[in-house]
Amino acid sequence: MEQGPRSAAGQGVDERALLDALDEAVVVLGPDGTVVRSNAAACRLLGDPPAGREPGSETVSLLAEAVRQGRRSFDGPHGGRWLNGRRVPLPDGAVAWLVRDVTEQREVEAALREDRERWTRLSSAARALSGTLNLRRTWGLAARLTVDGLADHCGVTLRTEGAATETAVAGPGGGVAFSADEPLRPSVARVLAEGRREVHDGVPPAQARELCPPGIEPDRAVTVVLLPLMAKGTCFGVMTLVRARPYGTAELSLIGDHADRVALALDAARLHDRQVRMSQRLRSALLPPALPEEAGLRLGAAYRPASEDMLIGGDFYEMLPDPSGGWVFALGDVCGKGVDAAVYTGRVRQALRTAAVVDSAPLAMLELLNRTLMSHDQGGFVTLLVGRPEVLPDGAVRVRLAGGGHPPPLVLRRGGDVETVKVTGMFAGAFDDASFEERDVLLAPGDMLLLYTDGVTEARDDSGRMYGEQRLVRDLGTCAGVPPVAAVDRLMQLVLEYLRRREHDDIALLALQAWPEGGP
């Protein structure tokens, strides 16, 4: 112990002083593996390794194990600290073990690793939230992804229709449950009103339940954090995070960033949800009406917009009750396609409903429609046919038709002959002095009147050839005796086969068949 492997007479005191001055713990082992000497840092960190004995239970087990296994280093926990040791060979077969306390370094590394994992988790959550615009799905995801590392429980409260609120709650199991907040917790109402974060550390269970939305009922002291969900300067929701241990400053900053991302995703989903609901309401008002039932008549209709995504387009048919009894029908085609055409179609149909109340005579309705459309100067126009059927005592049906620049209707006689009905007239909505024509069509029992839009006759095949009126007449002739529903379905099928999935215009078909009780 008085002389080390490199010691010489008179140098032992200086070596010991030098070793004791080091921050690293140093333990020198002789060639036989026994402790030759150790410095002051080793005594503080490892105990006092006894000289002349091999490192054992009286010293740090990490060192003893590394020596026994002949390893060159060790790294691990000891007595609440984290030690790192490495072996340095010395002359004459001795070795020195240099041991450092790396506890703080490991804590910093662990904190950085945990922080990196959180950010990675947050990035994954943000990607997941941005992957859907479904409000309910985004809402539930926000709660579920938050309990994946940021909280033991999470509630996401949003304002819904009117002043109502609803909360999605996720817990350790990963499931999400929605519940209405009645009455709204004062804490959540406060954050909604003020848009300010609240942090409550170490609150007992009873108080925590008062702070949390329904569905979160802690059974021990917890930390509760309420975060506002903001969009365009307005607080539209609250995230409630509950965890057994408090949040540090860095974690509060992290969950604040997470709440901002959740708010961004939820606001986009709320906007999309509103647009979808508004679109559905508009579509429901523009979709074709149900066909009426009337003794002596059978009806059939088919409709296919140019854009199947929209469900509506510029072609339409309408069935209007006649205040004096019976009903009036119309089939038309407004200029243009897409949303603008659909909007104009809605105006035309509304104007027709008004005209039917004033005067249900087809010609009078067309004239009133034209005046109405011209008064608004919408820059559009419409071709259409308006008709009023009358079932006669002998089972025949007389149809009074008025035309406004629309393709002529066809009559399929019971025997299979097809006749074109000449009804001329001008577009409606294009000229103040537009004139229209009216005439009667008589349908014997079994005869069928077909109205169609030019989406049928102008459908084109691979070479650009149109389906045409001649082909329509031929195909309609094959439908003699069949119900109108089957006839329009058959014609629509033939047109679509002709198109072979190519783009097409809106298509509308409406058929009326004289069909007295018991058939012709």
Side-chain angles (χ1 to χ4, degrees), residues 291-302 316-322 324-333 352 355-356 359-367 369 382-426 428 435-454 456-457 469-470 472-485 487-488 491 508-516 519-520:
L291 299 178
E293 294 184 2
E294 182 173 345
L297 269 177
R298 296 198 302 190
L299 302 171
F316 68 94
Y317 61 85
E318 186 64 271
M319 314 302 292
L320 305 165
D322 184 343
S324 61
W327 43 272
V328 181
F329 64 85
L331 180 138
D333 178 4
L352 282 170
D359 190 339
S360 61
L363 183 59
M365 286 181 61
L366 266 181
E367 291 171 345
L369 172 69
V382 57
T383 71
L384 76 167
L385 292 163
V386 180
R388 189 179 188 288
E390 178 186 3
V391 179
L392 303 178
D394 61 356
V397 173
R398 180 167 53 222
V399 181
R400 175 148 297 179
L401 275 175
H406 197 79
L410 301 172
V411 173
L412 171 62
R413 298 301 178 188
R414 182 181 173 187
D417 293 335
V418 177
E419 301 170 5
T420 300
V421 181
K422 300 293 185 183
V423 185
T424 60
M426 301 173 69
S435 61
F436 309 100
E437 184 183 86
E438 184 179 69
R439 63 169 294 179
D440 287 347
V441 177
L442 187 63
L443 301 178
D447 292 349
M448 183 165 61
L449 174 67
L450 176 72
L451 287 71
Y452 60 93
T453 58
D454 60 10
V456 175
T457 52
E469 183 176 347
Q470 187 175 359
L472 176 60
V473 168
R474 185 197 67 192
D475 291 339
L476 179 61
T478 65
C479 299
V482 304
V485 171
V488 296
L491 292 174
L509 295 161
L510 177 64
L512 302 84
Q513 187 177 48
W515 197 261

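Distance check, rounded to the nearest 0.5 Å: OG1 of Thr478 to CZ of Arg474 gives 8.5 Å. One distance of note links CZ of Arg439 with OG1 of Thr424; it measures 10.0 Å at 0.5 Å rounding.
In terms of the side chain to side chain contact (heavy atoms under 4.5 Å, CB included) criterion, residue partners of Ala514 (sequence neighbours excluded) are, by chain and number, Val397, Leu443. Looking at residues two or more places apart in sequence or on another chain, you find no side chain to side chain donor-acceptor pair (under 3.5 Å) involving Ser435. Here Leu392 pairs with Glu390, Asp394, Ala396, Arg398, Leu442 under the side chain to side chain contact (heavy atoms under 4.5 Å, CB included) rule; sequence neighbours left out. Under the side chain to side chain contact (heavy atoms under 4.5 Å, CB included) criterion, Arg400 pairs with Pro362, Glu438, Asp440, not counting sequence neighbours. Contacts of Ser360 classified as side chain to side chain donor-acceptor pair (under 3.5 Å), with partners at least two apart in sequence or in another chain: Asp322. For Pro321, the side chain to side chain contact (heavy atoms under 4.5 Å, CB included) criterion is met by no residue, not counting sequence neighbours. When the salt bridge (charged side-chain N to carboxylate O under 4.0 Å, His left out) test is applied to Glu419, the partners found at least two apart in sequence or on another chain are Arg413. Contacts of Glu367 classified as side chain to side chain donor-acceptor pair (under 3.5 Å), with partners at least two apart in sequence or in another chain: none. Applying the side chain to side chain donor-acceptor pair (under 3.5 Å) rule to Asp454 yields no partners; only residues at least two apart in sequence or on another chain are considered.
Of all heavy-atom pairs spanning Ala302 and Tyr317, the tightest one is O-CE2, 4.3 Å. Nearest approach of Val391 to Ala295, heavy atoms of both residues: CG2-O, 3.6 Å. Taking each heavy atom of Gly300 and Pro484 in turn, the nearest pair found is N-CB, 3.5 Å. Of all heavy-atom pairs spanning Gly325 and Arg388, the tightest one is O-NH2, 2.8 Å. Of all heavy-atom pairs between Thr453 and Gly332, the closest is CG2-O, 3.7 Å. Across every non-hydrogen atom of Leu331 and Leu509, the tightest pair is CD1-C, 4.1 Å.
Of the possible polar contacts, one joining the Gln513 side chain to the Val482 backbone as a donor-acceptor pair under 3.5 Å is found.
Each of Leu401, Asp447, Val423, Leu512 was checked for a side chain to side chain contact (heavy atoms under 4.5 Å, CB included) with Val441, and the lone residue meeting it is Leu401.
With contacts defined as side-chain heavy-atom distances shorter than 4.5 Å, the pair Leu491/Val456 does not qualify. Phe329 has its side chain out of reach of Leu352: every pair of non-hydrogen atoms, C-beta onward, lies at least 4.5 Å apart. By the 4.5 Å heavy-atom criterion applied to side chains, Leu299 and Trp515 are not counted as neighbours. Counting only heavy atoms from C-beta outward, the side chains of Leu510 and Val488 never approach each other to under 4.5 Å.
Side-chain N/O atoms of Glu469 and Thr457 include no donor and acceptor closer than 3.5 Å.
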N/O donor to acceptor pairs below 3.5 angstrom from side-chain atoms of residues 403-411, sequence neighbours left out:
residue: His406; atom: ND1; partner: Thr383; partner atom: O; Å: 3.4
residue: His406; atom: ND1; partner: Thr383; partner atom: OG1; Å: 2.9
residue: His406; atom: NE2; partner: Tyr452; partner atom: O; Å: 2.7

